[in-house]
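Quick caveat: nothing in here was measured; it's all calculated off a predicted structure. Just so you know, these numbers use all the heavy atoms, side chains as well, and skip hydrogens, waters and symmetry mates. Lettering of chains follows the sequences in order, A, B, ..., and the numbering in each one begins at 1.
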Amino acid sequence: MFLKRNQINLSVLFKNVYQIHLCGFSNKEVNSRMRVLNVAEKNDAAKNIAGHLSGGNLQRREGFSKFNKIYEFNHTFQGSPSTMIMTSVSGHLLGYEFQGSYRSWTSCSPLELFHIPVVKECPKDFLNIKKTLIREVRSCNALVIWTDADREGENIGFEIIDVCKEVNPRIQVYRATLSEITKPSVQRAISSLGPPNKNISDAVDVRSELDLRIGAAFTRYQTMRLQKVFPEVLAKSLISYGSCQFPTLGFVVERYKDIQNFIPENFWKIKVHHKIENLDVEFSWQRVRLFDEVLCNVLYERCQENPTALVLKVTKKPKTKWRPVPLDTIELEKAASRKLGINAKETMKIAEKLYSQGFISYPRTETNIFPKELNLSNLVQLQVQDNNWGDFAQNVLNNGPSPRQGKKSDQAHPPIHPTKYTHGLQDRERKVYEYVVRHFLACLSKDAEGEETIVNIEINGEKFLANGLRIIALNYLEVYPYDKWSNKQIHNYNQGQSFMPTRLEMIDGQTSPPNLLTEADLISLMDKHGIGTDATHAEHIETIKSRLYVGLENNKYFVPGELGIGLVEGYDNMGFEMSKPHLRAELEADLKKICEGTKSPLVVLREQIAKYKEVFIKTTEQVEKLDQSLGKYLRAQPVAFQNNGQHESMTVKNIRKCPVCKLTNLVLKKKQNNQGFFVSCSGFPTCRNSYWLPPSVIEATVSDNVCSQCSGGIKLIKFQFTARSMRPHYPDTYEGCINGCDSTLCEILQVNISRPSSSSSSTQPSNRNIVTTNQNRGPNRDNNVPCPTNNLSRTGSSQNIQHLNNDQVCCQCGNAAKLLTVTRETANKGRQFYGCSKPISATDRCTFFLWADDQPMPAAGRPNTQFNNRNNGQNNYGQMNNSYRARAVNNQSGGQRKCGLCKQPGHTRRNCPQN
DNA sequence: GCAAGGTC
């Protein structure tokens, strides 16, 4: 599909590219020789591709990296004689990292790792490679990407493009697609170049960024918390989480638990022996076994009544044992672990060394089919000289190599095979090399041949059978001692013949649990469930060993460690299948859609971040389950966790779903300077909805209690206000809902989280209309205001107090309200408002507040709309606690002040929205 | 001190 699309676009692309190219250069440049920079994924590939394109006529020179050489040769490019410069990277050139100070674990809450910026940058080790690219591309007109034809290769290609375009933005970019590095393939690739595929690269970027954010957030959170909760056991442990390491751990724990929970069952069966001289042939029961002892005994007694065996049938048929399929990485790892006693990680290390010395082909391959272009005979010929397998190799040559082909191809590398003969290796290197050679010769030879004999007998109605095997030709087994196949002798029987068994017995047994997982089993499970890649299975296993999540029993079987099983069980108890292999199935499907161009990478990133962030927040909410589970296995009492304030979001509780993005939740946060609080969407910065609580809130925590008025499980918030900063009847501590139902609280705070905040498009807090004191924020100012008198009088000589002319504004006390002016240095300085006329020091002073003008405030200073809304005189005290509610209700007593124009309570004619 | 993916 991909190739086809590229090929279709090719003629158009080249036409355009060539025209652009001509436009971009001076005549002198056009007339000069083309210089083309070619970049492969690794040096080895660059060397071979250059070799094929140049026919061996090339010059090698050094780059800045000693591992990545530069090969220069002449070749026709797009019809023009050109100078080709071929070099390489070493896998990914760039990697995602958190920016600057965020690399420090104490710089921010782990929760913020879901959103803080990440950058793609070149690790120190690869700076020399980058320098080579920068130097070389400056003088080139075109860039050809020769990275592997897989997702990662496409992404590495774009990393190369990004680096090159930074210094040569006009460079024209092409993608060469290879299925293997052979002369015909390389020739085909250079003559059918296409554009690189951004979709595929984007999918890898999404995956990488998610892995970093999710891995780092959980790792930092787990580590920092559990080190403190179990200081004696885990003080120095790194307790990591990763999308591959956790499911790998999960497999080990699951098998262990299967064994622990296994309940053995008793069974019974009948066995028949027929011994002549020294050969005892055992016949097995066709019913295999019964779980009912009485029934088995009945059948056994029936056999005993007439024990003569009648031979029903004797079948002889050819039996073959198949030679192995060509060797891929997974099979090498499994075989080395099972047959050579070398674990997967060590095996790969050895194989990489053998590869770098030229003894074997590239050891990271998913391919088990030999490409047609590979000259197998030449490779076999190299082995003829060996004392142990040389004769066998000669036989293979004589018969012609006939590979048994598998079904997998990564379109990048051939199966693992020897590329050079050596007999000078020692120990483990020798073992691995020998295995590769023997496997190679075995898969090119013939299947083992034998003859199987099956004898069916009957004893008084019960049927039994025995089989024998006669090996006719060992074939591949001669060179492959890792497989066992042996003769099994059996007497000569003829159909219709009778004989008397030498022994007839009923035996009992018990079902047994499965074995613990071996490394080979674990690799098979990872492969089956798509955990990691062929190149990384061994590393993930090594990781969970080094983190003490698992250990080895008898140096062979994996058992979970206390830490590993405690973690898995803790997350299971929370209801999160963090250790289950299907957790990322949805992401995998989305990545495929990105590759196909049917889903935007940004959307996938946003959705996946939201999903994992939700899991993270819920984890913090019930993290005690993790403590308990670990405490059980570590046999340690969890120490109560003290949040020292460094990570204010170590415990995060959702308040409600964000009304703006509707994806993630609103959470309570401390401001950066630790002075005050705000409520914001946990999807920041994708969603910037936020609500800033006034400075009078000196402490705020999300309660476990849910609002009884609002639907959807809105969490209440416990507030502590500065002493006497609220209205006189308002308590300093108060638990309430800020979702709109508690209009009084919402008005005091000027926050209503049921609707988007006025600052939802900004990351900065809005400048609030701070008046002289917080007392001036009267929640009831438009709410059933009693006013016993229509006559306002001049009640003071302060400059802030002014005549009200025909507007009649009364405060809650029933007195004429004072007209005051904001004197603080705020956005509202100079603005007038009405307040209670009693002295600020008066204990019975009410908190009435009303802006005197109805001019719109500047956007930044506009208070939450709830503050200005009229509420039609309805009682909105439903959410207050009892003591406060009682006072509040008392304060409503008296008549209602209504507008002369619209007849609605709560405002004056002058302020009437209909005016 | 975090992940997983390339590679040396």
Separation of atom [atom1] in [X] from atom [atom2] in [N], rounded to whole Å:
| X | N | atom1 | atom2 | answer |
| --- | --- | --- | --- | --- |
| A/Phe114 | B/dC2 | CZ | C1' | 12 Å |
| A/Arg151 | B/dG6 | CZ | P | 11 Å |
| A/Phe218 | B/dG1 | CZ | C1' | 18 Å |
| A/Tyr355 | B/dT7 | OH | C1' | 10 Å |
| A/Ile156 | B/dG5 | CD1 | C1' | 8 Å |
| A/Lys42 | B/dG6 | NZ | P | 10 Å |
| A/Ile544 | B/dA4 | CD1 | C1' | 15 Å |
| A/Phe616 | B/dA3 | CZ | P | 15 Å |

Practice task
Just do the side chain to side chain donor-acceptor pair (under 3.5 Å) check on A/Asn343 and A/Ser337 with the steps written out, would you?
Solution key: CA-CA 5 Å; A/Asn343 72 44; A/Ser337 185; over 6 Å; no
Tell me whether the side-chain N/O atoms of [X] come closer than 4.0 Å to OP1 or OP2 in [N].
| X | N | result |
| --- | --- | --- |
| A/Arg364 | B/dT7 | yes |
| A/His92 | B/dA4 | no |
| A/Tyr96 | B/dG5 | no |
| A/Arg547 | B/dG1 | no |
| A/Thr536 | B/dA4 | no |

Identify whether the distance between the nearest side-chain nitrogen and carboxylate oxygen of [X] and [Y] falls below 4.0 Å.
| X | Y | result |
| --- | --- | --- |
| A/Arg213 | A/Glu209 | yes |
| A/Arg60 | A/Glu72 | no |
| A/Glu331 | A/Lys334 | yes |

Exercise for the section: Mark yes or no: A/Lys47 above the aromatic ring of A/Tyr71, with NZ or CZ under 6.0 Å from the six-membered ring centre and no more than 45 degrees from the axis. Expected result: no
Which part of the nucleic acid does [X] contact within heavy-atom distance under 4.0 Å: base, sugar-phosphate only, or nothing?
| X | value |
| --- | --- |
| A/Ser208 | base |
| A/Gly95 | nothing |
| A/Ser90 | base |
| A/Glu209 | nothing |
| A/Tyr362 | sugar-phosphate |
| A/Glu352 | nothing |
| A/Thr533 | sugar-phosphate |

Practice task
Using heavy atoms to find the nearest nucleotide of DNA chain B for A/Glu97 and A/Asp44 separately, return the residue whose nucleotide is more 5′.
Solution key: A/Glu97
Handout entry: NZ/A/Lys408: more than 12 non-hydrogen atoms of other groups inside 6.0 Å
Key = yes
Handout entry: Main-chain N/O of A/Gly63 paired to A/Thr132 side chain as donor or acceptor, under 3.5 Å
Key = no
Exercise for the section: Look at the rings of A/Tyr362 and A/His413 and say which category their plane angle falls in: under 30° parallel, 30 to 60° tilted, over 60° perpendicular. Expected result: tilted
Exercise for the section: Test for a donor-acceptor pair under 3.5 Å between the base of B/dC2 and the side chain of A/Ser240, counting only N and O atoms. Expected result: no
Handout entry: Sub-6.0 Å ring centroid separation between A/Phe126 and A/His92
Key = no
Practice task
Check DNA chain B against residues 119-129 of chain A and give the residues with a non-hydrogen atom under 4.0 Å, in numerical order.
Solution key: A/Phe126, A/Ile129
Problem - Nucleotide nearest A/Asp211 (side chain, heavy atoms from C-beta), chosen from B/dC2, B/dG5, B/dA3 - result: B/dA3
Problem - A/Asn68 side-chain proximity, nearest of B/dC2, B/dC8, B/dT7 - result: B/dC8
Problem - Aromatic ring of A/Trp105 stacked on base six-ring of B/dG1, 5.5 Å, 30° - result: yes
